[in-house]
Enquirer: 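Take a look at the following structure, please.
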Amino acid sequence: MLGIVFTEFMEMVEERFSPEVLDRIIEKAAPANQGAYTAVGYYPHEEIVALVVALSEQTGLPAGALVQAFGEHLFGRFTQGYASLIDGRRGTIDLLCQLDGDIHVAVRKLYPEARLPRFHVMSREGDVLHLAYESPRGMEALAQGLIVGAIRHFGESLQVDWEHGTYEGRPVSVFHVRPRA
């Protein structure tokens, strides 16, 4: 998994909780490198899972809610560090429709070893989008948080939810983005 995910997670924990909470979850999760991550490195997915579980235990907050909050935080960082990939989009749905196209292509140029999730537009009708998400890591809560972050960034009145489904015969998670009810 990309190191930027780890470094931004650590930053979010420090900002929202405290440096002491971060120290405790690193101690509890006991990652191989003792929590010394770099944004350009690659690290085992299991380490972020262990850090999230430790944070959940430390704070009493559900792991899924923490991961979604992290996704929202991460999108905010992407708007700062990777504005060229977001600028010029007409909104969240436009952005999501371009994930596997030009956005992930650009990310792979920066991080050639990245194993990014796949997103497939299943259908788009105006301001309603059904998007298939495929990833062996099963980080739907992170993807949902990123989408919520995009909705907030573009100032839109959209909602997002997801369910398990299939796409071209493969099991996927299907995100539904639509106007807020």
Side-chain angles (χ1 to χ4, degrees), residues 1-6 8-9 12 42-56 61-79 82 85-86 88-181:
M1 190 165 229
L2 290 174
I4 191 170
V5 172
F6 289 83
E8 288 299 333
F9 180 76
M12 184 198 79
Y42 297 92
Y43 305 95
H45 168 254
E46 294 78 15
E47 289 186 17
I48 197 77
V49 171
L51 289 164
V52 168
V53 168
L55 181 59
S56 178
L61 298 170
L66 291 167
V67 173
Q68 182 174 335
F70 172 56
E72 294 176 45
H73 166 87
L74 192 57
F75 189 84
R77 294 307 218 199
F78 288 166
T79 64
Y82 303 96
L85 297 176
I86 298 167
R89 307 292 172 189
R90 291 185 308 268
T92 302
I93 291 176
D94 182 48
L95 178 76
L96 294 173
C97 287
Q98 299 303 316
L99 280 175
D100 271 5
D102 57 339
I103 295 173
H104 277 176
V105 168
V107 171
R108 283 189 186 91
K109 286 180 184 176
L110 295 170
Y111 303 100
E113 295 178 39
R115 290 186 6 224
L116 302 171
R118 299 289 319 243
F119 292 90
H120 311 277
V121 175
M122 298 175 74
S123 67
R124 177 183 183 181
E125 298 170 20
D127 54 359
V128 176
L129 175 69
H130 304 286
L131 188 69
Y133 163 87
E134 286 184 279
S135 173
R137 293 183 291 275
M139 299 290 283
E140 290 87 357
L142 180 63
Q144 185 168 7
L146 287 162
I147 295 168
V148 169
I151 291 167
R152 185 175 297 123
H153 171 75
F154 289 109
E156 297 169 303
S157 183
L158 298 172
Q159 64 184 35
V160 58
D161 55 57
W162 67 272
E163 63 186 346
H164 295 291
T166 59
Y167 177 75
E168 296 181 347
R170 297 183 309 273
V172 297
S173 297
V174 179
F175 283 89
H176 308 284
V177 182
R178 59 182 135 237
R180 187 167 300 281

Enquirer: Classify the ring geometry between Tyr82 and Phe78 as parallel (under 30°), tilted (30 to 60°) or perpendicular (over 60°).
Expert: perpendicular
Enquirer: Please report the closest heavy-atom contact between Val52 and Leu66, naming both atoms and the distance.
Expert: O-CD1, 4.3 Å
Enquirer: How long is the span from the CG atom in Asp127 to the CD atom in Glu156, to the nearest 0.5 Å?
Expert: 9.0 Å
Enquirer: Please name the residue in the list Trp162, Phe119, Tyr167 that meets the ring-ring contact (aromatic ring centres under 6.0 Å, His included) test with Tyr133.
Expert: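 Per the ring-ring contact (aromatic ring centres under 6.0 Å, His included) rule, the option paired with Tyr133 is Phe119, out of Trp162, Phe119, Tyr167.
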Enquirer: Evaluate the side-chain proximity of His73 to Phe9: yes if any heavy-atom separation is below 4.5 Å, no if none is.
Expert: no
Enquirer: Considering residues at least two apart in sequence or located in another chain, which fulfil the side-chain contact (heavy atoms from CB on, under 4.5 Å) criterion with Pro44?
Expert: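 Glu46, Glu47.
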Enquirer: With rounding to the nearest 0.5 Å, note down the distance linking NE2 in His153 to CG in Leu95.
Expert: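 Nearest 0.5 Å value for the NE2-CG distance: 8.5 Å.
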Enquirer: Which heavy-atom pair separates Pro117 from Ser135 by the least distance, and what is that distance?
Expert: CB-CB, 3.8 Å
Enquirer: Does a side-chain heavy-atom distance below 4.5 Å link Ile86 with Phe75?
Expert: yes
Enquirer: With a sphere of 6.0 Å drawn around CD of Glu163, does it hold more than 12 non-hydrogen atoms of other residues, nucleotides or ligands?
Expert: yes
Enquirer: Measure the CZ-CG distance between Arg124 and Leu131 for me, rounded to the nearest 0.5 Å.
Expert: 11.0 Å
Enquirer: Please identify which of these residues, Met122, Gln159, His130, meets the side-chain contact (heavy atoms from CB on, under 4.5 Å) condition with His176.
Expert: His130
Enquirer: Compare every heavy atom of Ser173 with every heavy atom of His164, then report the nearest pair and how far apart it is.
Expert: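 That closest heavy-atom pairing would be ND1-OG, 3.9 Å.
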Enquirer: What is the distance from atom CD of Glu134 to atom CG of Asp100, rounded to the nearest 0.5 Å?
Expert: 9.0 Å
Enquirer: For the residue pair Arg170 and His120, establish whether any side-chain heavy-atom pair is separated by less than 4.5 Å.
Expert: yes
Enquirer: Taking the side chain as every heavy atom from C-beta outward, state whether Phe175 and Leu129 have any pair of such atoms under 4.5 Å apart.
Expert: no
Enquirer: Do Arg178 and Asp161 have side-chain heavy atoms sitting under 4.5 Å apart?
Expert: yes
Enquirer: Report, as yes or no, whether the 6.0 Å neighbourhood of atom CZ on Arg137 holds more than 12 heavy atoms from other residues, nucleotides or ligands.
Expert: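 Yes - once you tally the heavy atoms of other residues, nucleotides and ligands closer than 6.0 Å, there are more than 12.
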Enquirer: Report yes if the side chains of Phe70 and Leu74 come closer than 4.5 Å at any heavy-atom pair, otherwise no.
Expert: yes
Enquirer: Nearest 0.5 angstrom please: Arg152 CZ to Glu72 CD, how far?
Expert: 4.5 Å
Enquirer: So, using ring pair (Phe, Tyr, Trp, His ring centres under 6.0 Å) as the criterion, who are the partners of His45 when residues are at least two apart?
Expert: none
Enquirer: Quick one: does Phe6's side chain get under 4.5 Å of Leu51's, heavy atoms only?
Expert: yes
Enquirer: Considering all heavy atoms of both residues, which atom of Val174 and which atom of Gly165 are nearest to each other, and what is their separation?
Expert: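 Heavy atoms only, the tightest pair is CG2-CA, 4.1 Å.
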Enquirer: Looking only at heavy atoms, which two atoms of Arg180 and Leu158 are closest? And how far apart?
Expert: NH2-O, 2.9 Å
Enquirer: With a 4.5 Å limit on heavy-atom distance, are the side chains of Leu99 and Leu96 in contact?
Expert: yes
Enquirer: To the nearest 0.5 Å, tell me how far Leu146 CG sits from Gln68 CD.
Expert: 10.0 Å
Enquirer: Taking all non-hydrogen atoms of both residues into account, name the closest pair between Gly126 and Ile93 and its distance.
Expert: O-CD1, 4.3 Å
